[in-house]
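Down below is the structure, laid out as structure tokens.
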Amino acid sequence: MITPALRFQLLQAARQVLEQAYAPYSRFRVGAALLTRQGGVFTGANVENASYGLTLCAERAAIAVAVAAEGPGVEIRALAVVSESQEACPPCGACRQVILEFGKKALIIFQGPDGLMEMPVEDLLPAAFCLCQKK
Ligand code: THU
């Protein structure tokens with residue numbers, strides 16, 4: 001669980017960073033903001049490529065920033081993801097797997113079909129593949 005103030009802070013940060021997205025192909029700009037156990041807040045936006053499959057999602061961009069700042073022990077407490085449209089924008093399957101690597105209990109806040117939704121990443125990716133012993 002996180003406080004309403006932290007949830008608001010993450011959503012605001014995600015909405016702000018999506019302005020930086022590089023999405024000339026899909027025109028679907030996405031922003032993500034995550035909160036770490038240490039209290040850090042890190043953001044990322046999607047970065048597309050002419051070779052479409054090389055696209056980096058906003059969530060994974062934010063995670064790379066968090067690891068660079070806090071190192072390999074980084075633990076994600078919560079992560080918000082938003083798109084600029086009102087369309088639902090739950091994390092893709094690849095991002096669920098990568099988020100889970102840094103916090104099985106991480107709370108994911110995202111735009112669902114009928115408004116904001118939130119649930120632990122382990123519920124978004126049940127029976128996930130896992131090699132490490134992290135919590
Ligand atoms: N995208 C994300 O950034 N995160 C997701 O979880 C789903 C999709 C981006 C990738 C691509 O640039 C655009 O949204 C359309 O798929």
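Reckoned from all heavy atoms, side chains included, excluding hydrogens, waters and symmetry mates. Just follow the structure's listing: the first ligand is 1, and inside any ligand the first atom is 1.
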(request) Answer with yes or no whether the side chains of Glu48 and Ser26 bring together a donor and an acceptor at under 3.5 Å. (result) yes

(request) Show which atoms of ligand 1 fall inside a sub-4.0 Å distance from at least one heavy-atom site of Glu59. (result) 2 (C), 3 (O), 4 (N), 5 (C), 6 (O)

(message) Contact between Gln9 and Val41 at the side-chain level, heavy atoms closer than 4.5 Å - yes or no?
(response) yes

(request) Go through the steps for Arg77 and Ile2 under the test side-chain contact (heavy atoms from CB on, under 4.5 Å), then give the verdict. (result) CA-CA 8 Å; Arg77 267 186 69 194; Ile2 61 166; 3.6 Å; yes

Do any side-chain atoms of residues 49-58 form donor-acceptor pairs under 3.5 angstrom with protein atoms, and if so which ones, sequence neighbours left out?
{"unit_1": "Asn49", "atom_1": "OD1", "unit_2": "Ser51", "atom_2": "N", "d": "2.8"}
{"unit_1": "Thr55", "atom_1": "OG1", "unit_2": "Tyr52", "atom_2": "O", "d": "2.8"}

(message) Using a 4.0 Å cutoff against the non-hydrogen atoms of Pro91, which atoms of ligand 1 qualify?
(response) 6 (O)

(message) Quick check: do Phe102 and Val67 have side-chain heavy atoms less than 4.5 Å from each other?
(response) yes

(message) Please report whether atom 12 (O) of ligand 1 has a protein non-hydrogen atom at a separation of less than 4.0 Å.
(response) yes

(request) Output the list of atoms in ligand 1 that are nearer than 4.0 Å to some heavy atom of Glu48, sorted by atom number. (result) 11 (C), 12 (O), 13 (C)

(request) Just let me know how Ser26 lines up against ligand 1, side chain, backbone, both or neither, with a heavy-atom cut-off below 4.0 Å. (result) side chain

(message) Go through it in stages, so that I can follow the logic: the residues are Thr43 and Gln16, the test is side-chain contact (heavy atoms from CB on, under 4.5 Å), and I'd like the CA-CA distance, side-chain angles, deciding distance and then a yes or no.
(response) CA-CA 9 Å; Thr43 60; Gln16 196 175 338; over 6 Å; no

(request) Could you find the nearest protein heavy atom to atom 1 (N) of ligand 1 and give me its residue, atom name and distance? (result) Cys57 SG, 3.7 Å

(message) Give the atom numbers and elements of ligand 1 that come within less than 4.0 Å of a heavy atom of Thr55.
(response) 10 (C), 11 (C), 12 (O)

(request) Please report which non-hydrogen protein atom sits nearest to atom 3 (O) of ligand 1, along with the residue it belongs to and the distance in Å to one decimal place. (result) Ala58 N, 2.9 Å

Would you be so kind as to tabulate the donor-acceptor pairs closer than 3.5 Å made by side chains of residues 107-125, with sequence neighbours excluded?
{"unit_1": "Glu118", "atom_1": "OE1", "unit_2": "Arg7", "atom_2": "NE", "d": "2.7"}
{"unit_1": "Glu118", "atom_1": "OE2", "unit_2": "Arg7", "atom_2": "NH2", "d": "3.1"}
{"unit_1": "Glu122", "atom_1": "OE2", "unit_2": "Lys105", "atom_2": "NZ", "d": "2.9"}

(message) Considering non-hydrogen atoms of the protein only, which is the closest contact for atom 9 (C) of ligand 1, and what is the distance?
(response) Asn46 ND2, 3.6 Å

(message) I need the nearest protein heavy-atom contact for atom 14 (O) of ligand 1: residue, atom name and distance, please.
(response) Phe28 CD2, 3.5 Å

